[in-house]
Amino acid sequence: MTKWSELQAWLFPQRWFRENLKLGEGGEEGLDNDIARATYERTGASVMGRRMFDAGELAWPEEAPFHTPVFVVTHASREPWERPGGTTFHFVDDGIAEAVDRAREAAGDRDVRIAGGAEIIQQYLDGGLIDEFSITLAPVLFGAGVRLFDRVDPDRLALEQTRTDASSRVTHLTYTVAKR
């Protein structure tokens, strides 16, 4: 958890994030705050893997930070879990394509965010189901873990960098994904 906290340290002091999680008023404004707010405002639904959900279930406040439907890719069936503030976790046990289809339907004209973890992101990239993605790169060395692009076939996919925004804490990178 220490490394995860370091990885997310750029986000915790941001005004928008603090207000979204009801951590109190005030906070930093600027590029990082604007990007965090814009990301959440354009997101209509999220998809995540079961391991990310399991870790978050223990750490998230009662009012989970998503405020939209979240579709959890899993192998085990479970009833939806509704949280205060508009977040309902739906458990999808019939594959990544079904999860993203349900998320697209729920999101309407807003974006679907593949929240993670790395293995789910790999599956969506390798499956050709992501057309654009953003990474917030923080200077934290984990030393172990799942590398984001390990199982992605470089002969099938190409990335084009479309945006770079750097702050004093992190670099926000945006890419489009194309088939080779």
Side-chain angles (χ1 to χ4, degrees), residues 1 3-11 17 32 35-36 38-60 64-76 78 87-107 110-165 169-180:
M1 284 305 280
K3 294 289 186 177
W4 182 88
S5 294
E6 289 178 36
L7 186 67
Q8 302 299 327
W10 71 275
L11 188 56
F17 186 76
D32 292 336
I35 287 174
T39 299
Y40 280 87
E41 286 176 351
R42 74 174 183 263
T43 300
S46 294
V47 174
M48 70 177 56
R50 181 61 190 246
R51 284 194 304 189
M52 182 175 179
F53 170 80
D54 287 345
E57 185 177 21
L58 300 174
W60 292 316
F66 302 96
H67 306 292
T68 63
V70 177
F71 296 85
V72 180
V73 179
T74 182
H75 295 291
R78 179 174 165 179
T87 301
T88 300
F89 294 94
H90 302 273
F91 300 87
V92 182
D93 62 358
D94 47 0
I96 62 169
E98 178 65 20
V100 81
D101 286 347
R102 290 180 58 189
R104 284 181 180 142
E105 184 177 328
R110 294 167 69 197
D111 289 350
V112 171
R113 180 173 179 251
I114 310 299
E119 290 180 2
I120 285 294
I121 292 170
Q122 289 170 2
Q123 290 176 46
Y124 277 99
L125 279 169
D126 206 44
L129 297 169
I130 293 178
D131 56 333
E132 179 182 277
F133 68 94
S134 297
I135 296 173
T136 299
L137 182 63
V140 178
L141 300 175
F142 273 73
V146 179
R147 296 184 308 189
L148 186 58
F149 299 112
D150 253 4
R151 296 186 310 165
V152 178
D153 186 349
D155 295 327
R156 290 187 34 236
L157 298 176
L159 305 179
E160 180 181 334
Q161 190 168 327
T162 58
R163 185 172 174 174
T164 304
D165 296 294
R169 290 190 177 110
V170 294
T171 302
H172 305 276
L173 305 165
T174 303
Y175 299 92
T176 56
V177 180
K179 293 181 180 174
R180 287 190 186 263

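Between atom CD1 of residue Ile135 and atom CG of residue Leu159 there is a gap of 8.0 Å, rounded to the nearest 0.5 Å. Distance check: Arg169 CZ to Leu11 CG gives 10.0 Å after rounding to the nearest 0.5 Å. One finds the CG atom of Asp101 at 10.5 Å from the CZ atom of Phe71 (value rounded to the nearest 0.5 Å). In this structure, Phe133 CZ and Ile121 CD1 are separated by 8.5 Å, a value rounded to the nearest 0.5 Å. To the nearest 0.5 Å, the span separating CD1 on Ile35 from OG1 on Thr174 amounts to 7.5 Å.
The pair Glu57-Arg78 meets the salt-bridge criterion, with a side-chain N (NZ, NE, NH1 or NH2) lying under 4.0 Å from an Asp/Glu carboxylate O.
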Please table the atom pairs, donor to acceptor, closer than 3.5 Å between any side-chain atom in residues 138-145 and protein atoms at least two apart or in another chain.
none

Quiz: residues 49-56 side-chain donor-acceptor pairs under 3.5 angstrom, not counting sequence neighbours:
residue : atom : partner : partner atom : Å
Arg50   : NE   : Asp54   : OD1          : 2.9
Arg50   : NH1  : Thr74   : OG1          : 3.4
Arg51   : NH2  : Glu119  : OE1          : 3.0
Arg51   : NH2  : Glu119  : OE2          : 3.1

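Although no hydrogens or angles enter the test, the distance criterion places no donor-acceptor pair under 3.5 Å between the side chain of Arg113 and the main chain of Met48. Of the possible donor and acceptor atoms, one in the side chain of Arg180 sits under 3.5 Å from a partner among the backbone N and O of Pro154.
For the pair Ala45 and Thr68, the tightest heavy-atom approach, listed with the atom from each and the gap, is CA-OG1, 3.8 Å.
Contact of the Leu173 side chain with the Thr164 side chain is registered, since non-hydrogen atoms from C-beta on lie closer than 4.5 Å. For the pair Gln122/Val146, a side-chain contact is recorded, criterion being any heavy-atom separation below 4.5 Å from C-beta on. Counting heavy atoms from C-beta outward, Pro69 and Thr88 have side chains that stay 4.5 Å or more apart. Contact of the Asp165 side chain with the Thr171 side chain is not registered, since no non-hydrogen atoms from C-beta on lie closer than 4.5 Å.
For Arg163, the CZ atom counts as loosely surrounded, since its 6.0 Å shell holds 12 or fewer non-hydrogen atoms of other residues, nucleotides or ligands. Within a 6.0 Å radius of CD in Glu105, no more than 12 heavy atoms belonging to other residues, nucleotides or ligands are found.
In summary, the side chains of Thr136 and His172 do present a donor paired with an acceptor at a separation below 3.5 Å, with no hydrogens or angles considered.
Remark: Tyr124 pairs with Val47, Val73, Ile96, Ala99, Val100, Ile114, Ile120, Leu129, Ile130 by the side-chain contact (heavy atoms from CB on, under 4.5 Å) rule, at least two apart or across chains.
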If you apply the rule side-chain contact (heavy atoms from CB on, under 4.5 Å), what do you find for Glu132 with Thr176, and how did you get there? CA-CA 4 Å; Glu132 179 182 277; Thr176 56; 4.3 Å; yes
Report the C-alpha distance between Phe17 and Asp32 in whole Å, list the side-chain angles of each, state the deciding distance to 0.1 Å, and finish with yes or no for side-chain contact (heavy atoms from CB on, under 4.5 Å). CA-CA 10 Å; Phe17 186 76; Asp32 292 336; over 6 Å; no
May I have the step-by-step check of side-chain contact (heavy atoms from CB on, under 4.5 Å) for Asp126 and Arg151, ending in yes or no? CA-CA 8 Å; Asp126 206 44; Arg151 296 186 310 165; over 6 Å; no
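Between Phe89 and Phe66, the ring planes are perpendicular. Angles over 60° get that label, and only those under 30° would be called parallel.
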